[in-house]
Amino acid sequence: MKHASLVLPLLLSVACAEAPPPVTRPIAEVVAAERAFSARAQVVNARDAFVENFAPDAILFSPEPSPAFPALTEGPPWGVNIVWGPAVAGAACSGDLGWTTGPAEYRRQPGGEVVRRGYYSSIWTRGADGPWKVLVDLGIGIPLDAPREPDWVESGAQAPCAPVLAGAAGFTSGLARADALLASMAEADAAAAFGARLHPAARLHRTGVAPVIGADAVRQALADHPKLKLAKDGLRAAASGDLGFSYGRGAWLDAATEQRFVYLLVWERVAGDWLLRLIVQDEIKPPPA
């Protein structure tokens, strides 16, 4: 026992040295990538900025979900100047998925009059050693006079990250089950189906109206279309199992005439439950008669 006073500090120092560093969400990195992307679109044509910042397997909605490439590199430069920036953002603890959303302004030329306003929503992905790239991008139009949401500001308050297990299995299948159950229930009662899965800070983005923010407000907004059909095109969960997304095509079943839309859902896993953090629905207008 006479050596205990020497051995105990040594054991404690070894334990401290072997403790893994705390895991934090790289939200600020995702925001920085988004802001650099937007800034690049003020230097080169917006189409070229998209080409530079989109992942090789990225999905664009034009109007339905389809591979961004090679279509994004074809055709003439876009005749529009787009200025945008994140108001809300998130990232997975594993650092392989992130998301951003915020206001966008469209002008015919830089510094010109704003001719259209919207809200973009983007899913970001990052490989082991690569930069952040856009994986999915979907926007909606909003009224010109809608209030502007403040830019994203870093906050010290963050949900703690559990230790990230490399190659963790089962998260995508778990998200797929939650997504499938949502789609099944929504055909009978969309407000109840979505309402049961809402994150407290949930957002609803729909064509033609300003974003709806907060679970209670989203529940109320969803009540105007009691039934809808969702057909998933893609889905993915982060390796850490705390963030995921799904996207596809849908239709409001209770409409007098067929009303189709495309959608993007951002999911966050909280206390073991997959909850909806962002719902984006962009109407597909029928072709002119």
Side-chain angles (χ1 to χ4, degrees), residues 27-55 58-89 98-124 131-154 203-213 247 261-264 266 278-288:
I27 301 175
E29 294 180 16
V30 179
V31 168
E34 182 75 84
R35 288 173 173 166
F37 177 15
S38 179
R40 182 62 174 161
Q42 307 312 306
V43 178
V44 299
N45 184 264
R47 193 275 305 269
D48 296 332
F50 274 59
V51 170
E52 293 174 9
N53 286 275
F54 271 46
I59 297 296
L60 266 178
F61 292 77
S62 56
E64 300 194 19
S66 57
F69 297 102
L72 195 55
T73 58
E74 298 171 348
W78 295 346
V80 63
N81 173 256
I82 314 173
V83 177
W84 73 92
V88 184
W99 65 280
T100 54
T101 188
E105 296 178 344
Y106 299 79
R107 298 170 171 83
R108 292 187 176 88
Q109 62 275 328
E113 179 185 0
V114 176
V115 296
R116 186 161 61 93
R117 294 183 62 203
Y119 253 77
Y120 78 91
S121 296
S122 297
I123 303 294
W124 290 79
W132 286 100
K133 294 285 187 179
V134 176
L135 184 60
V136 182
D137 184 75
L138 176 61
I140 62 161
I142 64 171
L144 276 172
D145 59 353
R148 180 180 173 84
E149 196 168 359
D151 293 342
W152 180 88
V153 177
E154 187 167 8
R203 302 172 63 95
L204 173 63
H205 294 188
R206 273 183 175 169
T207 310
V209 296
V212 179
I213 303 172
Y247 65 90
F261 60 86
V262 290
Y263 71 88
L264 170 65
V266 174
L278 173 65
I279 305 164
V280 185
Q281 296 176 338
D282 188 33
E283 292 182 11
I284 299 177
K285 295 181 179 179

Has the side chain of [X] got a donor or acceptor atom that lies under 3.5 Å from a matching backbone atom of [Y]?
| X | Y | value |
| --- | --- | --- |
| T100 | P86 | no |
| R203 | T101 | no |
| R107 | G112 | yes |
| R47 | E74 | yes |
| D282 | I140 | no |
| Q42 | I82 | yes |

If you count heavy atoms of other groups shown closer than 6.0 angstrom to CZ of R148, is the number above 12?
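Atom CZ in R148 is crowded, with more than 12 foreign heavy atoms closer than 6.0 Å.
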Considering residues, nucleotides and ligands other than Q109, do more than 12 of their heavy atoms fall under 6.0 Å from its CD?
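Buried by this count: over 12 neighbours within 6.0 Å.
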What is the distance from atom [atom1] of [X] to atom [atom2] of [Y], rounded to the nearest 0.5 Å?
| X | Y | atom1 | atom2 | result |
| --- | --- | --- | --- | --- |
| E283 | R206 | CD | CZ | 8.5 Å |
| W78 | D48 | CH2 | CG | 9.0 Å |
| L72 | D137 | CG | CG | 10.0 Å |
| E105 | E113 | CD | CD | 11.5 Å |
| L278 | I213 | CG | CD1 | 10.5 Å |
| Q281 | L138 | CD | CG | 10.0 Å |

For [X] against [Y], the heavy-atom pair lying closest together:
| X | Y | value |
| --- | --- | --- |
| W132 | G98 | CZ3-N, 3.8 Å |
| I284 | P63 | CG2-CG, 4.2 Å |
| A58 | V134 | CB-O, 3.5 Å |
| A41 | A46 | CB-CA, 4.3 Å |
| V262 | P65 | CG1-CD, 3.8 Å |
| A210 | A146 | CB-CB, 4.1 Å |

Of all residues at least two apart in sequence or in a different chain, which pass the side-chain hydrogen bond (donor to acceptor under 3.5 Å, both in side chains) check with S38?
none
Let's go through L60 and F54 carefully: what are the C-alpha distance in whole Å and the side-chain angles of both, what is the deciding distance for side chain to side chain contact (heavy atoms under 4.5 Å, CB included) to 0.1 Å, and is it a yes or a no?
CA-CA 10 Å; L60 266 178; F54 271 46; 3.7 Å; yes
Quick one: ring-ring contact (aromatic ring centres under 6.0 Å, His included) partners of F37, sequence neighbours excluded?
F50, W84
Applying ring-ring contact (aromatic ring centres under 6.0 Å, His included), can you list everything that pairs with F61, at least two apart in sequence or on another chain?
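Testing F61 for ring-ring contact (aromatic ring centres under 6.0 Å, His included), a comparison that skips the adjacent residues, returns none.
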Walk me through whether E149 and Y119 qualify under side chain to side chain contact (heavy atoms under 4.5 Å, CB included).
CA-CA 10 Å; E149 196 168 359; Y119 253 77; 2.6 Å; yes
Verdict with supporting geometry, V153 and D151, side chain to side chain contact (heavy atoms under 4.5 Å, CB included):
CA-CA 6 Å; V153 177; D151 293 342; 5.6 Å; no
Before giving the answer on side chain to side chain contact (heavy atoms under 4.5 Å, CB included), spell out for Y106 and V114 the whole-Å C-alpha distance, their side-chain angles and the decisive distance to 0.1 Å.
CA-CA 6 Å; Y106 299 79; V114 176; 5.9 Å; no
